[in-house]
Amino acid sequence: MIKITLPDKSVREYPEGVTGMGIARSISEGLARNVLSVKVNGEVWDAMRPILQDAEIRLLTWDDEAGKATFWHSSAHLMAEAVELLYPGAKFGIGPDIENGFYYDIDFGTHQISSDDFPKIEEKMLELARDKQSFERQQVSKPEALAYFTNKGDEYKLELISELEDGQISFYKTGHFTDLCRGPHLPDTGMIKAVKLLNIAGAYWRGDEKRKQLTRLYGITFPKQKELTDYLDVLEEARKRDHRKLGKELELFTFSQKVGQGLPLWLPKGAQLRERLENFLKKVQKKAGYQQVMCPHIGNVELYKTSGHYQKYGETSFKPISTPIEGEEFFLKPMNCPHHCEIYKSSPRSYRDLPLRLAEFGTVYRYEQSGELHGLTRVRGFTQDDAHIFCMPDQVKDEFKGVMDIVMLIFKALDFKDFITQISLRDPNNKEKYIGSDENWEKAERAILEVAEERGLNAVVVPGEAAFYGPKMDFMVKDAIGRKWQLGTIQVDYNLPDRFDMEYIGSDNQKHRPVMIHRAPFGSMERFVAVLIEHTSGNFPLWLTPTQATVLPISEKYIAYGKKVVSLLDEMDIRCDLDDRNEKTGKKIRDAELAKIPYMLVVGEKEEGSLTVSVRKHGVGDLGSFSVDAFANMINEEVKRMIN
RNA sequence: GCCGAUGUAGCUCAGCUGGUAGAGCAGCUGACUUGUAAUCAGCUGGUCGGCGGUUCGAAUCCGUCCAUCGGCUCCA
């Protein structure tokens, strides 16, 4: 008998060789039906794999991430099996589970396949699933493994096996399909009830752009049909919120082939919205002791040689701008920090001047690969809400705190309720990868960790993810439909102060090197607006939205009164339009609803007589009659609550 | 940059195997004078992504370039 410890710390005895499934069955039939795999002493195993020694276990179901992973990984095998049956000779790369589903990289050889083939593959997968095929694990020796795939002619698997150690190699057999795999897998394929292939794309073998490109099939599966339907609904909702689509519909921005790829053109409504965001941040920053600066869009190549960016990115940037002077070259600026460093150096600095906080909405240009460009989230010209704080090492902590307060304020004003903080530290085993003294690193890392602690942030700490020049803290928000977006970042930098030979005179009358903090709470205006569009689905907060209200006269007769209402509201700083088209009220309301305008003010005979408006709220309906003043006050109060 | 797909009016989309384009919405004009999600009628609008080629004839077939989309790789 062996002792099995369950998550609730209760200990049960089972015969040696009991399986996770056996344990599940001893607890309840329902659990047995739902168990996907089992965690044994921290390692995920097949539910059917015999447990030979005392162990601490946890039965994994669909509700566990690791359970889902087992489900989707097994689904990748099922898809591979279907593909092998339908396209004999296909060779297989790797087929892992991912956050939402799974993929398999496949070399289809001479077969040309497209998304038109998806239904055929899905059907075959369901057919095989209905057979309730088991996943048979077998331990094989390295020579056996090599022999099997040599015989099959699959060079990808051979490459993978060649890198494995003998004794660590296992195969899994499902029906006629045998795959090299560590496992674990489902008890049988019958648990897979709903199947959907999602995407087809090229993917380099082993992620190396020098190697062959395989065909990657993405798919997702579920234990219940309903769950697949729900998932597809989420995808559909994401499509509806796509900022590229809404940006066009709401007339926020556009692109022109003639202007150039990845160079956004902000339309009046988008520009106003962005300006409002910028002014909001400027106000907050002013209060926090920042000073605005402005810099040109180009800089001499020497500037970037000093910063080190030329050496690293010179080749893949926009080509330098030459001048009539032989050998003189300028670059479009790819970041603002070098310019700001020169501002710091424009005058001798005393410790009394620090911290010096220089802020700029600085537009930068980066030659992103053409295939990388994506709406406003990845562009070649964008504006960072940048600032650089130059301070003494022992001020880092307070400055960090100050920046975090700004980030939190922004999240609150824009209704990002759910966010994740990541702290990236240096790799303790690989300190030579980084620059700066141990003392400074320790001080900075400690400062960041303490600030997170003091602010009660549940930060994820990732050693080894720091930039080579300093530790950083990144913020990821979750949007309204649960997607994660990386936004703001705060980075400590010991590199540039060195490269630019910056100094300040301390209270000891000696020269010292300042520390620099880079920070951008929005990240870039382009990307932030994109995220905001997708988060709000175009229904922007009242303080940001381009048009807060639209006045709808019910007939031509009331246009004059409508104009009067608009001008009254205008005086009270309400952004307001008049719909004086010769249309019925129903049509005007429909169009205003589709344009996502927060308030519609219907005016006719009744209203004209009493200097009132009939208020309809977007997505809600009729709120009844308000005097113009009362309406304006209501709006202004609502705005004040949001950003104060 | 790489693989694959796509590119027809401002927008959404028809256009079979080649015979030089069509709808709805938007826009304009007019009628109606409108009360909480589409009033009616008429009109305008396209070098069918660009350039070459095949053909008597190309939106349709071929080549090439550009852009977009899905991924890969990349992201100071």
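Throughout, protein chains are lettered first and strands after them, A, B, ... in sequence-line order, and every chain is numbered starting at 1. Note that these values count all heavy atoms, side chains included, but never hydrogens, waters or copies made by symmetry.
Taking atom P on both nucleotides, B:G49 is separated from B:A59 by 10 Å, rounded to a whole Å. B:G70 and B:U64 have their P atoms separated by 25 Å, given to the nearest Å.
Checking B:U36, B:U34, B:A76 against the side-chain heavy atoms of A:K584 singles out B:U34 as nearest. You'll find that the side chain of A:K248 is closest to B:C11, out of B:C32, B:C11, B:A76. With B:G71, B:G35, B:A76 as the choices, the nucleotide that has an atom nearest any side-chain atom of A:E605 turns out to be B:G35. With B:U33, B:U36, B:C66 as the candidates, the nucleotide lying closest to the side chain of A:K557 is B:U33. Each of B:A76, B:G1, B:A38 was ranked by its minimum atom distance to the side chain of A:R590; first place goes to B:A38. Each of B:A76, B:G70, B:A37 was ranked by its minimum atom distance to the side chain of A:N199; first place goes to B:G70. In the set B:C72, B:A37, B:A67, B:A67 carries the atom at the smallest distance from any side-chain atom of A:Q257. Distances were taken from every side-chain heavy atom of A:Y204 (C-beta onward) to each of B:A76, B:C2, B:G35; the shortest belongs to B:C2. With B:G71, B:A37, B:A76 as the choices, the nucleotide that has an atom nearest any side-chain atom of A:Y469 turns out to be B:A76. You'll find that the side chain of A:R216 is closest to B:G71, out of B:A37, B:C66, B:G71.
Looking at every heavy atom in both residues, A:S524 comes nearest to A:F382 through CB-CD1, 3.5 Å.
Contact annotation: A:K587 side-chain N/O to B:A26 OP1/OP2 distance is under 4.0 Å. The side chain of A:Q261 contributes an N or O atom lying less than 4.0 Å from OP1 or OP2 of B:U68. Of the side-chain N and O atoms in A:Q369, none sit less than 4.0 angstrom from OP1 or OP2 of B:C74. Residue A:H374 has no polar side-chain atom (N or O) positioned under 4.0 Å from OP1 or OP2 of B:G71. For B:G70, the OP1/OP2 oxygens have a side-chain nitrogen or oxygen of A:R244 closer than 4.0 Å. For B:C72, the OP1/OP2 oxygens have a side-chain nitrogen or oxygen of A:Y218 closer than 4.0 Å. Considering only side-chain N and O atoms, A:T585 lies nowhere under 4.0 angstrom from the phosphate OP1 or OP2 of B:U34.
Between the P atom of B:G71 and the CZ atom of A:F118 lies a distance of 12 Å, rounded to the nearest Å. Regarding A:D579, its CG atom lies at a distance of 13 Å from the C1' atom of B:U36, rounded to whole Å.
Below the 3.5 angstrom threshold, one finds no donor paired with an acceptor across the side chain of A:R581 and the base of B:A26. Residue-to-nucleotide contacts include a donor-acceptor pair under 3.5 Å from the side chain of A:E607 to the base of B:G35. At a cut-off of 3.5 angstrom, the base of B:C74 holds no donor-acceptor pair with the side chain of A:R366.
Shown here, B:A9 forms no base pair; nothing in the strands shown gives a Watson-Crick or G-U wobble contact with both key distances under 3.5 Å.
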